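Notes follow once the structure below has been shown.
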Amino acid sequence: MDVVERGEWRSSACILCECNCGIEIKVGADGRSFDKIRGDKLHPASAGYTCNKALRLDHYQNGRSGRITSPLRRRPDGTFEEIDWDTAITEVAARLKAVQAAHGGETIFYYGGGGQGNHLGGAYSPATLQAFGARYRSSALAQEKTGEFWVNARLLGAPNRADLEHCEVAVFVGKNPYQSHGFPRARSVLKEIGKDPARSMIVIDPVRTETADLADFHLQVRPGTDVYLLTALAAVLVQEELVAAEWLAEHAEAAGVKAVTAVLSEVPVGAYCEVADVPEDLVRAAARRIAAAGSVAVLEDLGVQMNKDSTVVSYVEKLIWLLTGNLGKKGAQYVPSGLASLGRDRGHPAGEGPRSPVAGAQIISGLVPCNVIADEILTDHPARYRAMLIESANPAHSLADSARMREALEALELVVVVDVAMTETARLADYVLPAPTQYEKFEATFFNFDFPKNIFHLRHPVVAAPEGVLPEPEIHARLVEAAGALGEDDYAPLREAAGRGRAAFAEAFLTTLGARPELAKLAPVLLYRTLGPTLPHGAASAALLWAAAHTCAQRNPAGVARAGYGEGLEAGERLFDAIVSGPHGVVITDDEQDETWRRIGDRKIQLDVPELLAEIARLPERFAARDSADSAGSTGSGGSTGTGGTGGTGSEWPYVLSAGERRAFTANTIIRDPGWRRRDPEGTLRMSEADARLLNVTAGDRVRLTTRRGSVEVAVEPTDRMRAGHISLPNGLGLEVSEVTTGIAPNELTASEDRDEYAGTPWHKHVPARLEAL
């Protein structure tokens, strides 16, 4: 890396939200501290914008975090000893080989691949999996997005995003972008929409969030009943003849339109609004505003993706903007370009396609559902997972049912963790391999979804890494070599070609893969060892982006050309050079509006997803079941119960806990320093003022919170933002590193069996609970 001058401003990006705003960091006199942080005005997406979270990133880099700087090996007594890298790599490779020989490489399971905005190192993991014969993997995406991925594949055959900056009507379903961000300049865009009388905002959320404060329509849905509310919205469009009939005739399969409208025409809108506890006239007004708009952009997030009926909810949410023709035009939904195939799935019908080896769970986008990982281990099934390689992830804290996940990790024959700190998961590992932080190495995010100009940012190191750590690409390369999958005989011809220039290297690389196709999955390490050393600024970790840039140029020739990189093979080379040399980020594609239709291809939109439409048709049966449940129990908190109510099972579990709420000072497990939390350092339990009166508690009083999995004591924060019967906890910090309270770890309270029927995503936002004042 380039030498860091003390007092120098260096370009980078915030890693705490999906928007990845460009920032500049002023390095302190010690060469380590972040003295000042400001928005990067030269970043092509955020253009100087940043939020409060980015301004305190020194707590990530230099705070109390349990940082490790030497490989660690567990002793028989459970303590750890420092070892050198050669010993660590040799022993880890030997033990992985032993598992492969005894049980098959498919029993080696990979989890992670990068924390928030930390994806470049994980992109080298396929080579390691190939070297040891591993097949199965998962990541945090399988806790959130896989249901939506599957729905997108069934409807469009491609992922999609929302053009919120230019839309007339913005709709947020279970998302509070004021806190979670998720798109460039989130707060500025929200305020622009809120101030413009010609534009409108619709928020569907049981909480009156900061985003809801700016909205024209807040549909404050009863927790867990989003499927009823969204179905009612879609039904109003059909029953009041507000659909874009001509547009649908041109772009959608006629049979699918007929099937969907037939089901929605029979929906009892008023009854469903009653279940959702949202006034019918407000629902109808919101539907009419959507139908009347010239453009509508819709974004869903964890509030529904980690909730009951999440996959069905994703389906109905997309029916709303498809029925009104909001795809492939300015201010609506679009299909983005990208440097990685993130979120793509083949869209197999439910029951078909790849399945996990023990639980038989549907694998979407190559990811095993997180909630079945423990089931895949804690069994005597011969195909059970025997070893785990965990990279930049903390499943012992972040996955449902932490106690059972710890039991599963302890039952494995081998656990290897690659991370920067001794997390809860690292404490259970046999080997811990230390990596640089996200500001000590070249890094990038593959959450690149902007349109019409899509941005990619290869972040350069801000400060030097300490002695004793290795970047993830180097760790993967050493493991692959220790496995005997690659060596000098493989590298030498390509190194010689790289010395003659990029054109010679490209010819040699393609010739090598053509002659030896078995090397294709090892290509990341092959590129890292051969092309990597030729890259400027010590950016060897960016080597695999060379292949990604060429693929992007081939798949998006018009957009890459408009972005200024020319055509043909030279376009890929110019794009790659721009990525490597552009510390502020670069535009990779500049698309016209109709590019969405080219990416979808010749297929027409398939509105009828039979499995999911059948669920919508069965809602009246569930409605009847809810009535029966309501008559059988009382709430204890002033809300309804049963299938459609706020609680879990009547008076036994009268509250619904939302576990892991986004707040101003939460960032999942990325920042582990308690000092980062300027406000709400303990992580209070938020509840309605009505529930606080019922329990006779005031702010700061402690209650006992109990779920089917555990019980904790926590301070309460009464607020008028919560519905009666609905309570919420933020993410705990993920690691106790001092005597300072770090907050409740929510997954001590969640259950792995509470998961979506189709995608297996967890119900973190709908945990039946009860409270007792202390």
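Bear in mind the structure is a predicted one, so any value in this text is a computation, not a measurement.
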Identify whether NZ of Lys or CZ of Arg in Arg73 sits under 6.0 Å from the centre of the six-membered ring of Tyr431 and within 45° of that ring's axis.
no
One pair to check against side chain to side chain contact (heavy atoms under 4.5 Å, CB included): Tyr439 and Ile15. What are the steps and the verdict?
CA-CA 10 Å; Tyr439 294 104; Ile15 59 173; 3.6 Å; yes
N/O donor-acceptor pairs under 3.5 Å from side chains in residues 461-473, not counting sequence neighbours:
from: Glu472; atom 1: OE1; to: Lys441; atom 2: NZ; distance (Å): 2.9
from: Glu472; atom 1: OE2; to: Lys441; atom 2: NZ; distance (Å): 2.9

Test your reading of the model: is there a side-chain donor-acceptor pair from Arg95 to the backbone of Asp430, 3.5 Å cut-off?
no
Look at the side chain of Tyr60 and the backbone N and O of Gln438, then say whether any donor-acceptor pair between them is shorter than 3.5 Å.
yes
Inspect the contact between Glu481 and Arg529 and indicate whether a charged nitrogen and a carboxylate oxygen are less than 4.0 angstrom apart.
yes
Can we say Glu24 and Arg10 salt-bridge, meaning some charged N sits less than 4.0 Å from an Asp/Glu carboxylate O?
no
Does the Ser46 side chain pair with the main chain of Pro184, one donor and one acceptor, at a distance under 3.5 Å?
no
Using modelled atom types only, decide if a donor and an acceptor are shared between the side chain of Asp490 and the backbone of Gly487 within a distance under 3.5 Å.
yes
Which of parallel (below 30°), tilted (30 to 60°) and perpendicular (above 60°) describes Phe509 and Phe505?
parallel
Which of these passes side-chain contact (heavy atoms from CB on, under 4.5 Å) with Gln61: Val420, Ile25, Thr437?
Thr437
Show me the donor-acceptor pairs, under 3.5 Å and distance only, between side chains in residues 579-589 and residues at least two apart or in other chains.
from: Ser581; atom 1: OG; to: Asp577; atom 2: O; distance (Å): 2.7
from: His584; atom 1: ND1; to: Ser11; atom 2: OG; distance (Å): 3.1
from: His584; atom 1: ND1; to: Asp40; atom 2: OD1; distance (Å): 3.3
from: His584; atom 1: ND1; to: Asp40; atom 2: OD2; distance (Å): 2.8
from: Thr589; atom 1: OG1; to: Ser337; atom 2: OG; distance (Å): 2.6

Please assess Lys36 against Asp58 for the test salt bridge (charged side-chain N to carboxylate O under 4.0 Å, His left out), listing each intermediate value before the final yes or no.
CA-CA 9 Å; Lys36 294 182 180 180; Asp58 189 59; over 6 Å; no
Cationic N near anionic O, under 4.0 Å, Arg500 to Glu496:
yes
So, the side chain of Asp450 versus the backbone of Lys453: is there a donor-acceptor pair under 3.5 Å, distance only?
no
